[in-house]
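Notes follow once the structure below has been shown.
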Amino acid sequence: MVTPSAPTEPSGVALLPVSQPLDLAATLQSGQAFRWRPQGEAWSGFLGSEPVSLRQVAAGVEVRSADGARDAMLEALWRYLRLDDDLPAIYRRLRRDPLLVESVDRHSGLRILRQDPWECLVAFICSTQSNLPRISRTQEAIADALGSVTTLDGVVRSAFPTPEAVAGAGEERLRALGLGYRAAFVARTAEAVASGTVDLEALRSAPYADARVRLMALHGVGEKVADCVLLFSMEKLESFPIDRWVRRAVEERYFGGRTVPYATLASWAMETFGPAAGYAQQYMFYGRRLERRGGPPPGP
DNA sequence: CCACGGCCTGATTC
DNA sequence: AGAATCAGGCCGT
């Protein structure tokens, strides 16, 4: 137990046992989440608005948090890491495709996350014509400027701000944080979410196609961004986000190098991989990143 | 329904 | 070195 009189929030540790394949480092650095920072052997970040530190050990994942012993924290982490997915079954499906065999074998334990939809939405609106380091930078800048400050074991970080806080900040303030032309998109989307024009939680339980249409009605959200948000935060594992690299790989391998519309590629993925399409995309994307960088990604 | 130019910003390329 | 070019697209025409 912790001592409540300490000046800084005392932390507790709990173990989440994991028997499923899990590569925590790869998962947190695979371009779906943008606020996990290496901290020695551990990773500093947030589960919702709770600051946590995660460390992979043989038996599973150690979670350090202000209330680390609570079952609710372990449950939250379980959900975040999608340990409810049956990865071996998904791998069997992916391995039917020669394009994926090597990537799946080499990066076993790379998982799709179940993130907070709002934070995920902002991140991917900011992802257009950008790159991983810059997306991380802007997410962090938004949190630092508008989120509430937290402390965990002396590490000071800010939680990601609410839609109301971002809407209140306005376009110019966001632009000053380095969002560029995306500032207007984020501002307008924040207003839509804050005012209840869009209910992100409701989209979570809506069918893929319906949720997708709703998301794409938001400014700055096209097919690719919508598919990312649907996959990484809204339970839609059949979603297959197609960026320029995934597009190139699939067009070269399956369409004789021809340029093919987004919808055609998406339905190809749906037919080929079914409910594992999202995982297929993740392995394609991660595979080509490594190829490009010539080594496993931790960042800069 | 498809094609195209323009867009913040910063890192890399020429 | 300073100028193009490009980056996990999207919007408007």
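Only heavy atoms go into these numbers, but all of them, side chains included; no hydrogens, no water, no symmetry mates. Quantities reported herein were computed from a predicted structural model and do not represent experimental measurements. To find a chain, count down the sequence lines: A is the first, B the second, and so on, and within it residues start at 1.
Protein atom CZ of A/R212 is 14 Å distant from nucleotide atom C1' of C/dC10, rounded to whole Å. Counting to the nearest Å, the P atom of C/dC10 and the CD1 atom of A/I135 are 12 Å from each other. Taking atom NZ of A/K224 as the reference point, atom C1' of C/dA7 lies 12 Å away to the nearest angstrom. Residue A/L230 contributes atom CG, which lies 16 Å from atom C1' of C/dG8 at whole-angstrom precision. Protein atom CG of A/L215 is 18 Å distant from nucleotide atom P of C/dG9, rounded to whole Å. A/R247 places its CZ atom 11 Å from the C1' atom of C/dG9, with the value rounded to the nearest Å. Rounded to whole Å, atom P of B/dC2 lies 15 Å from atom OH of A/Y262. Residue A/D243 contributes atom CG, which lies 17 Å from atom P of C/dC6 at whole-angstrom precision.
In this structure, A/R173 contributes its side chain and A/G170 its backbone to no donor-acceptor pair below 3.5 Å. For the pair A/S108 (side chain) and A/D105 (backbone), a donor-acceptor distance under 3.5 Å is absent. Counting only distance, with no hydrogens or angles, the side chain of A/R157 and the backbone of A/S44 share a donor-acceptor pair below 3.5 Å. Side-chain N or O atoms of A/Q56 include one that pairs as donor or acceptor with a backbone N or O of A/L22 at under 3.5 Å. A/W118 places no side-chain N or O within donor-acceptor distance of the main-chain N or O of A/A190, the cut-off being under 3.5 Å. The backbone N or O of A/G278 sits nowhere less than 3.5 Å from a side-chain atom of A/K236 that would complete a donor-acceptor pair.
With C1' as the reference atom, C/dC10 and B/dA11 are 22 Å apart, rounded to whole Å. Distance check on atom P: C/dA1 versus B/dT9 gives 25 Å, rounded to whole Å. Look at the P atom in both B/dA3 and C/dG8: the space between them is 23 Å, to the nearest Å.
Listed by residue number, the members of residues 181-199 of chain A with any heavy atom below 4.0 angstrom from DNA chain C are A/Y181, A/F185. A heavy atom lying under 4.0 Å from DNA chain C marks the following residues of residues 115-127 of chain A, by number: A/F124, A/S127.
For the residue pair A/D227/A/Y262, the side-chain donor-acceptor check at 3.5 Å is satisfied.
Between A/E191 and A/R188 no salt bridge is recorded (no basic side-chain N to carboxylate O distance below 4.0 Å). Salt-bridge annotation for A/R244 and A/E251: absent, with no side-chain N of the basic residue lying under 4.0 Å from a carboxylate O of the acidic one.
With the nearest nucleotide of DNA chain C identified for both A/M216 and A/Q129, A/Q129 has the one nearer the 5' end.
Hydrophobic cluster membership for A/V149: A/V156 (Ile, Leu, Val, Met, Phe, Trp, Tyr linked by side-chain heavy atoms under 4.5 Å, directly or transitively).
A/V213 and A/L200 fall into different hydrophobic clusters, where Ile, Leu, Val, Met, Phe, Trp and Tyr are joined by side-chain heavy atoms under 4.5 Å apart, directly or via other members.
Residue contacts shown for A/G31 include a base, since a base heavy atom lies under 4.0 Å away. A/V246 comes within contact range of no nucleotide atom at all, as no heavy-atom separation falls under 4.0 Å. Residue-level contact check: A/L218 touches the backbone only, with heavy atoms under 4.0 Å from sugar-phosphate atoms and none from bases.
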Going through the checks in order, is the side chain to side chain contact (heavy atoms under 4.5 Å, CB included) test met by A/Y254 and A/W268?
-> CA-CA 9 Å; A/Y254 296 97; A/W268 166 85; 3.5 Å; yes
Protein-nucleic acid N or O pairs under 3.5 Å, nucleotides 10-12 of chain B:
none

With a 3.5 Å cut-off and sequence neighbours excluded, list the donor-acceptor pairs that the side chains of residues 31-38 of chain A form with protein atoms.
unit_1, atom_1, unit_2, atom_2, d
A/Q32, OE1, A/L113, N, 2.9
A/Q32, NE2, A/S30, OG, 3.1
A/Q32, NE2, A/R111, O, 2.7
A/R35, NH1, A/E140, OE1, 3.0
A/R35, NH1, A/E140, OE2, 3.3
A/R35, NH1, A/S158, O, 3.3
A/R35, NH2, A/S158, O, 2.4
A/W36, NE1, A/Y80, OH, 2.8
A/R37, NH2, A/E140, OE2, 2.8

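Between A/Y283 and A/Y91, the distance separating the two ring centers is shorter than 6.0 angstrom.
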Represent DNA chain C in dot-bracket notation, 5' to 3'. Only Watson-Crick or G-U wobble pairs with both distances under 3.5 Å count; pseudoknot-style crossings use [ ] and interstrand partners use |.
-> .||||||.|||||
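Among B/dC8, C/dG9, C/dG8, the nucleotide with an atom closest to any side-chain atom of A/V225 is C/dG9.
A parallel orientation is assigned to the rings of A/H219 and A/F185, their planes being inclined by less than 30° (bins at 30° and 60°).
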